[in-house]
Amino acid sequence: MLDIKWIRDHPDAFVKGLTDRGFDDPGATLNRILSLDEQRRTTIQQLQDAQARRNAASKEIGQAKQAKDETRAEALKEEVARLKTAIQDGEAAEREVNRLWHLLLAHIPNIPAADVPVGPDADSNKVLREVGTPTKFSFQPKQHFELGEALGLMDFETAAKLSGARFVVLKGALARLERALGQFMLDLHTSEHGYTEVNPPLIVRDEVMFGTAQLPKFRKDQYPTLQWVADIDGPKLKMTEHGLKRTDDPDAPWSSQDEEALQSIQREGALFREVYLQNPAGKWMDKLWRFELYRWLIPTAEVPLTNLVREDIVEQGSLPMRVTAWTPCFRAEAGAAGKDTRGMIRQHQFSKVELVSITTPEQSAEEHERMTECAETVLKRLEIPYRTVVLSTGDMGFAAQKTYDIEVWLPGQGTYREISSCSNCGDFQARRMSARYKAKGAKETRFVHTLNGSGVAVGRALIAVLENYQEADGSVRVPEVLKPYMGGLTKIAPAE
RNA sequence: GGAGGGGUGGCCGAGUGGUUGAAGGCACCGGUCUUGAAAACCGGCAGGCGCGCAAGCGUCUCGAGGGUUCGAAUCCCUCCCCCUCCGCCA
């Protein structure tokens, strides 16, 4: 979330930032947010004036009573009674304008850092460095799924029977290779890079997903979990013997989305629950009925790791805080239809070692470089060629100010593919989570900066190992650093 | 699934209608003392929002929303969240 004061003071930078990102109609967005902000402040001002008058009058009532001036006390009481309704209206108005204001702000992406190359898409990304040279083969290198399937250790058919498309069953040495990679990376980051290992929950609440900005805008990319409840009832919907029904209350507002929700509930038999939306400060409370959402499967460990400091005020001395986790990640991959349908490149479930740093604003830029190096070290040790690119404004994620992608060389595909993405989010996520720190010697609290990076994606690392370490006979050598984790196995060969 | 308990400042914890935005302690910051540190002592120290160049002023916040009242952290209603015990389960 952006700082509204910053937007007020830097309208041009705001419009430029959104324009560079390819955001839809930045000018209109600016006008909308500024007018909402104006409305919000007048509403607050009027409310506070009324409250101030009420408070003053209340005090006078006490004084009048002490002075035995009953007439005056009565007159004041009447005034307070009048003010009371005005205040109630004002409070309702404030809530509503706050809600709209907050909702709009929540849908606006972060502003790119000044040194990010400007461009509409990935073609404008800049390669910073290439490490290693693309592996040369005396034969035509195969793609990872050809190798894996030939080895009999990678099974997409069975996975489809169990779970549908975009899942895989790994067996034997490949299953172990996945474990070896994850463990190697975790060991590297904890013992050499100063990260603390964390084993976080994989299922999280709405507000946690909001904090790292998966919600509200990217709901469709996420996997919700369901929980059944028995006593379903509410102003708009009722649970009857025949399922969920609309109440007959003609005053209940009803939209096409509501209708859709109801149908979906009945179709899926999904959970229906009353939800209270609120920010960490407990404001802009909004009560609404929502179907099927209970909690979310994490799309990356960035979510629980970053939210570790949500609603906290941490001591400056504890920054930078560095945490890492090796977890499964779940992505609906909505909108990725037809992309990378073969093989393990794009799955609904994959595992990843994630790096997260919480820093002061002064530390974050340097930490970003450091984190990227930590991720690169993984590939260096695995002796796999890669290159590091800085993403252009049009290719960055919603929450990022600046992002480095690390791309590994995949000989089977004859191209570099993303294996890690390291982002500095500035205070964008911290605002959403209300994660602050007490600056040394200073009175005020400040928002922390948050950074996250893959260190690295384990599934894709496995692909990279297969393709870069393949032999003419379809076997795969085990990278030197992984041998201890593979029980001394040096080569994954086809079954005799 | 059943039964109970509880949500107060960065943390712990007092407070059951009237200078309580909130005692006390810890942590933190400044100072005295000390060669330095610790200890001790003195002082400071909640957050958000609005207005203001600032000093500051106003307002809100004791999980959230609503209600009672001249007045609510304290009373009432609804909801959210957490914990404990029993049952079931990994």
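Each chain gets a letter, A, B and so on, in the order the sequences are listed, and its residues count up from 1. All values reported here derive from a predicted model rather than from experimental measurement.
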Within this structure, what is the CZ-CE distance for the pair Phe167(A) and Met344(A), rounded to the nearest 0.5 Å? 12.5 Å
Supply the atom-to-atom distance Leu170(A) CG to Leu462(A) CG, rounded to the nearest 0.5 angstrom. 6.0 Å
Which value, in whole Å, describes the distance between the C1' atoms of nucleotides A72(B) and C57(B)? 25 Å
For atom CZ of Arg446(A) and atom C1' of A46(B), their distance in whole Å: 19 Å
If you measure only the distance, is there a donor-acceptor pair under 3.5 Å linking the side chains of Arg179(A) and Tyr485(A)? no
Using whole Å, what does the distance between atom P of nucleotide G7(B) and atom CD of Glu311(A) come to? 18 Å
Rounded to whole angstrom, note down the P distance from G65(B) over to G9(B). 16 Å
Contact list (N/O, under 3.5 angstrom) for nucleotides 49-53 of chain B vs protein:
| residue | atom | partner | partner atom | Å |
| --- | --- | --- | --- | --- |
| G50(B) | O2' | Gln45(A) | OE1 | 2.3 |
| C51(B) | OP1 | Arg41(A) | NH1 | 2.4 |

In whole angstrom, give me the gap between the C1' atoms of A64(B) and A90(B). 35 Å
Can you tell me how far C1' of A64(B) sits from CD of Glu207(A), to the nearest Å? 13 Å
Is the charged tip of Arg432(A) near the ring of Phe210(A): under 6.0 Å from the six-membered ring centre and within 45° of its axis? yes
Rounded distance in Å between the C1' positions of A14(B) and G25(B): 11 Å
Who passes side-chain contact (heavy atoms from CB on, under 4.5 Å) against Ala334(A), sequence neighbours left out? Lys220(A), Asp221(A)
Using atom P of each nucleotide, how far apart are C85(B) and C26(B) to the nearest Å? 32 Å
Find the partner of U59(B): check Watson-Crick (N1-N3 plus N6-O4 or O6-N4) and G-U wobble (N1-O2, O6-N3) distances, both under 3.5 Å, and reply none if neither fits. G48(B)
Quickly work out the Ile313(A) CD1 to G47(B) C1' distance and round it to whole Å. 7 Å
Pairwise C1' distance for C75(B) and G56(B), with rounding to whole Å: 37 Å
Whichever of Asp312(A) and Glu315(A) has its nearest RNA chain B nucleotide further upstream toward 5': Asp312(A)
Pairing check on A40(B): which nucleotide meets the Watson-Crick or G-U wobble criteria with it, both distances under 3.5 Å? U32(B)
Measure the distance from OH on Tyr437(A) to P on C28(B) and round it to the nearest whole Å. 18 Å
Could you identify the nucleotide paired to C89(B), looking across every strand shown and requiring Watson-Crick or G-U wobble geometry with both distances under 3.5 Å? none
Can you tell me how far P of C60(B) sits from CD of Gln46(A), to the nearest Å? 16 Å
So, using side-chain contact (heavy atoms from CB on, under 4.5 Å) as the criterion, who are the partners of Arg41(A) when residues are at least two apart? Arg8(A), Asp37(A), Glu38(A)
Just name whichever nucleotide pairs with G65(B), Watson-Crick or G-U, keeping both distances under 3.5 Å, else none. C77(B)
Expressed as a whole number of Å, how far does the P atom of C11(B) sit from that of A23(B)? 16 Å
Among Asn110(A), Asn424(A), Asp115(A), whose side-chain hydrogen bond (donor to acceptor under 3.5 Å, both in side chains) with Lys402(A) holds? Asp115(A)
Do the side-chain N or O atoms of Thr445(A) get closer than 4.0 angstrom to the phosphate oxygens (OP1, OP2) of G48(B)? yes
Strictly by Watson-Crick or wobble contacts shorter than 3.5 Å, is anything paired with C26(B), and which nucleotide is it? G10(B)
Distance between P atoms of G36(B) and G43(B) (Å, rounded): 24 Å
Under 4.0 Å between a side-chain N/O of Lys438(A) and OP1 or OP2 of G47(B), yes or no? yes
Salt bridge present between Lys438(A) and Glu315(A) (N-O < 4.0 angstrom): no
